[in-house]
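Residue numbering restarts at 1 for every chain, and letters A, B, ... go by the order of the sequence lines. Worth saying up front: this structure is predicted, and the values here are computed from it rather than measured.
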Amino acid sequence: MFDKVSTDTSFVAGEHTVLAFWRDQQIFDKLRSQNRGRQPWSFLDGPITANNPMGVHHAWGRTYKDAYQRFWAMNGRELRYQNGFDCQGLWVEVEVEKEMNLGTKNAISALGIDQFVYSCKKRVLKFAARQTEQSVRLGYWMDWDDPQSLRTLSAGVGSDKPVTIKTPIGTSVTDAAEKIVAKLGNPEWGGSYFTFSTENNETIWTFLKKCFQRGKIYRGHDVMPWSGRGGSAYSQMEVAEGRKLTTHKSVFVRFPLRGRENEYLLVWTTTPWTLTSNVAAAVNPQLEYVKLQAKRDSAVYYFAKENLEFQRLAKEFKEGFGRPEWTWPTGVPKLKTIAQIFKEQGGYEVLGTLKGSELIGLEYNGPFDDLPAQHQPGGLPKDDNLLSATGISCHRVVDGGRDNEGTALVVAGEGTGIVHIAPGCGDVDHVLGKTLGLVAIAPLAEDSSFVEGFGAFTGKVATDRQTAEFVFEELKKKGLLVNVEEYPHIYPHCWRTGDELVFRLVDEWFIKMDWRQEIMDVAKTINWLPESVDGLARELEWLTNMRDWMISKKRFWGLALPIWVDQDPSIEWSDSNKFFVVGSLKELKELEVEGWNDFDGHTPHRPWIDGVKIKHPQTGKVMTRIPDVGNPWLDAGIVAFSTLGFNTHPEMWKKWYPADFVTECFPGQFRNWFYALLSMSTMMRYEGEADAEPLDKRPFKTLLGHRLVMNEQGQPMHKSDGTAIWFEEAAEQIGVDTIRWMYLAQNPAQDLRFGTRHPDKPVTLQFFGADKPAVQTDEGAALCLVTSKPADETRRQNLITLWNTYAFFVNYARLDDFNPLAEQVPVGERPEIDRWILSNLQSLIATARDEFSAYNTQGFLKEASRFIDDLSNWYVRRNRRRFWRSRDAGDRDKLAAYQTLYTVLVQLCKLLAPVIPFVTEQMYQNLVRKVDASAPESVHLCEYPQVDPAQLDEGLSERMALAQVVVKLGHGLREKANQRVRQPLAELRLASSPHQRAAIMNLVDVIRDELNIKQITACEDLDELVTYVYKPNQKSLGPKYGKSLGAISKALSILPPGLLDPLRKGVPVAVPVDGAEFVLTPEDVFISTVQAADWACADEDGVQIAISTKLTPELLQEGIARDFVRQVQQLRKEADLEIEQRIQILHAATDADVLAALKFWGDYIREETLADSLEAAPTVASAKSVLVGAVEIPLWIERAK
RNA sequence: GGGCGUAUAGCUCAGUUGGCUAGAGCGCAGCUCUGAUAAAGCUGAGGUCCUUGGUUCGAAUCCAAGUACGCCCA
């Protein structure tokens, strides 16, 4: 028999019980063996960065992953269940730097790259273990490594001492930790993949080799945002994170025009240090320029006319810089106009205007032409293609041109309309310089200091304030300084050190992306979800606009780029004969001439691989590996090959490629993971002339993106201000099932408002598997109160309602010894309401299957919520009496009710198992396993329900909906007539179409009961009780009569009564309007009732009802009896009696009407309240004064002996 | 600066190919119901469907311009 179910719903404790059950009974393993060898469903996991513990925001994507995997597993598919950890890259380096207190790149070199890399590996393994535990708590079923083994490995990295771990598949492995780590996630062991594995790195080599063979790898220069302290270039993403409002000294400077006495270009910049490397000056040919003479020294200046009086930063001065905290800095004066500057210097005179195009070609002298770097042929570093030019020889006015969207680069506004161009110091400058064949002069070393060739500047750091002052002094000496001012602006800073970034020319390695069309063709074969986001369009937009893929980074921890170069510095790196890409470790060993022995036994990482030298297979020259590491998106993008065994297990790869499904949080991923997957797959599958079809190159078939998790106010959650919610805090306070429901019901195209963390309210939590409650996370962060209205609502509306329905069923089934295995009452013989809920169940099953298959859990859960509500608040509510009836073995109606509710609950468990795996497991264990030992051991081992078409009856839903309309109208009428529901009323009359009438009369018991009305009468019409109003149906009349619609509407309201009555019988009526006649058919009008006489009436959906409001003495007496019963029940509830406990009722009523009612309805009262007696007695202290009818009486109960 | 998206009740959001008195949940007020419920039902208050113009018999919906916010790119 079922266990008793408490209605005290603490789901979190239940989740722990279920986790222990799954673990102890190895349910997940049983699921895997059950489906082994069946049709595969391939999921490819986007790796989570194993660098920190999971926050609550990570759980959204992981809930999708788990829910869809569980769904397909219940459909008998074989799955891989491989989680992925992203392990390499700057993210990890940054955390390790913090941990080890290493501020700069030099500090790392001093420590030793090997020690640093060990630390990175340790950290990754440590947090992989942590995230594994957190994921298990979420109910995320994956082929997890034992967290303890991962910790053992973490501790063992860096030592040769062998360690022993247990692999997920159950074998035991003993070796040096590093050697085990290198092989984690391989098919023989199982477990999560780690992007630092040798297999993953080597498969990227395979990819890069293919790129190399197609001539797509090159070494190039680019100007990148650079941090001097970090010694590294930053991506656009990283730059965006570090934008800050700051104040710089900006400068107006003049460039003397060659061959024009005392005439100058007026130039402005906020980065004075870049003037050292000026090469050209750009104008907009269409723009109008002014020729102006300063009175002080009669100098003539050229600059954009509009800028003369332009109020620079006027808007920012008033409104700030676009964020609340970015207000105009105090103490910084409002900026002057250029006119004002000249006025203050003695005044000016405008000599004339000219077009920018007239300036183009003019040559000038640069401000720092005395520096050796300006004289260097080919620029600095030397460009062998431009050896005939120097910085100085390039000094001329050029056309700034337009960007690829057609916007002019040089515009009037903040500056002077003449832009100083330093191709070695600016991104746009660099592109322009390339186009125009200008040399670049790159002044900065890795630490942002000036290199040799810059005279007194050499050694100075570009971002030092003194350097700017030095520039001003030098300019002043040369008579080129016009004005210096404080200039506030948003400037990129290093998000790690807070350093100001500079733009620095770096040499990096790139993949030429001129094969983007191939990738676009592949992107088009993919199903991008959710549709509303139009992921394909976003991806294509990126693919269209992206630049070549920069794959190198001058750091330590990451993919060792397999690029070997000749050591001869005279060699042009862009010549692909002069560098070589190695495609595998095997190839490396074959080409190796030096260093293999030191490398052997290590993973292909820095520093160990750095010493391996090779001989170029053609030239025979000795080559050294470049020290750069790879872009981490290579690591994540290769997983469709590396983790599926492309190089090692071809059969396995064929079985699982392409993945059926991937899902990831999408901001950013269109140019990160999605991009990397698509492009790498396109390259890997490239087959030359007879290239594969785009369809065969796709790495996955369907992609589901989702947005971000926000706090309750819709704002981002930050670790720094204590608003970011730790996973544990949410899991143990809100409950994982609730969280999962919330995530799966959310529209993935919209940010999810999760909840609020209260950093000032600490809590103590019991973690799963821990022996005692915790006050902080493993990392020592405080645990704080988390509240969430959306979660509370989700729990209340869905989980609690479901649970209480379940509790109701179980607790009555126990009293009645209901046996679910007994013979079933044929569904056809069950009452209409039973067939109704069973039919709705079939619809829900169909919806669940359709929506899960379409990767739209939101659509399923919307219907599931509605179903649970129908089940609880309509089916159970309307059928309670069938469960209460006293035991009678021959009561087939009662049996039908039990069987119906049982079926619904069990099926619902299975339907919802992928969504809320814990609650459904608890229910299933009690409902099914308790009574049927032969049933599958877990709800997750069951087959997903199939629709039984025989039970599907859509007509039933419509009929029930009609009954619900009648009930709703009835409740409304009672309210209007001021009659409480306990007061019985004599009659309800209803009129509607014969078809509807019949449907409603089928459910007459339900209606009578719910509305407490003695008699329900169906009538042809209610003409004697009401009058009718006719309103136009614009949707049907509009197309027919168009412009006359207004007149017809007006006419309808003033027609003589009765004229339109035939419409109610389905007969068309001709209506005269403005001399013309229009024929109206029944669907052209809406008919409603307005007036009632002695009855209350209402209508909706073509159903009219009227209820009699007249009360007879008999009805009043019955009302009193019902009140009395209700009050006794309330006392039972207050006394917390078991539902089967019998009682004695005592009262001290004196009112004659009450006494008469108690006498007449005595049997009924005792039966309803399980009372052995109903007696009058002198009142006692414990009696409660209750309202019965219109009078108060003292009432109390006692337990029956 | 360019591109994309969004704007509907106090809050969070639905609103199908343009058509009925613009809806739901939460919140608020009143009433009702309650031998599973932490529920539920009914009624009510609360709307410039961002603004302006256009197309149309008819616009929350389509078009144009503008405003605000968000994202992406520069």
Checklist line | Nearest-angstrom distance, P atom, G3(B) to A65(B) | finding: 11 Å

Margin query: If the condition is side-chain contact (heavy atoms from CB on, under 4.5 Å), which residues does E1167(A) pass it with, not counting sequence neighbours?
Written below: none

Item checked: H706(A) side chain to Q746(A) side chain, donor-acceptor N/O pair below 3.5 angstrom -> no

Next item on the list: Classify the side chain of S872(A) versus the base of A36(B) as yes if they form a donor-acceptor pair under 3.5 Å and no if they do not.
Entry: yes

Item checked: Selection from U32(B), G25(B), U37(B) that lies nearest to any side-chain heavy atom of Q797(A) -> G25(B)

Next item on the list: Please measure how far the P atom in G44(B) lies from the corresponding atom in A60(B), and state the result in whole Å.
Entry: 23 Å

Note to self: Suppose we define a pair by two distances each less than 3.5 Å, Watson-Crick or G-U wobble; what does C4(B) pair with here?
What the structure shows: G70(B)

Check: C1' atom, A59(B) versus A22(B): distance in rounded Å?
Finding: 12 Å

Check: Any side-chain donor-acceptor pair under 3.5 Å between N747(A) and R707(A)?
Finding: no

Notebook entry, point to check: Whole Å only: how far is the OH atom of Y875(A) from the P atom of A36(B)?
Noted result: 15 Å

Margin query: If you only use heavy atoms from C-beta on, which nucleotide in G25(B), A36(B), C72(B) is closest to the side chain of V876(A)?
Written below: A36(B)

Item checked: Minimum-distance nucleotide to K1133(A) side chain [options: C33(B), U34(B), C71(B)] -> U34(B)

Item checked: Candidates A36(B), C71(B), C42(B) - which lies nearest the side chain of T805(A) -> A36(B)

Note to self: In whole Å, measure the gap between the C1' atoms of G10(B) and A29(B) for me.
What the structure shows: 14 Å

Next item on the list: Could you please name the partner base of G47(B), counting Watson-Crick and G-U wobble pairs only when both distances are under 3.5 Å?
Entry: none

Next item on the list: Could you verify whether a donor N or O on one side chain and an acceptor N or O on the other, from T756(A) and E712(A), lie under 3.5 Å apart?
Entry: yes

Checklist line | Counterpart base for A9(B), defined by Watson-Crick or G-U wobble contacts under 3.5 Å | finding: none

Item checked: Partner nucleotide, any strand, of U56(B) [Watson-Crick/G-U, under 3.5 Å] -> none

Notebook entry, point to check: With both distances under 3.5 Å as the test, what is the Watson-Crick or G-U wobble partner of G18(B)?
Noted result: none

Next item on the list: Starting at atom CE of M546(A), determine the distance to atom P of G3(B), rounded to an integer number of angstrom.
Entry: 22 Å

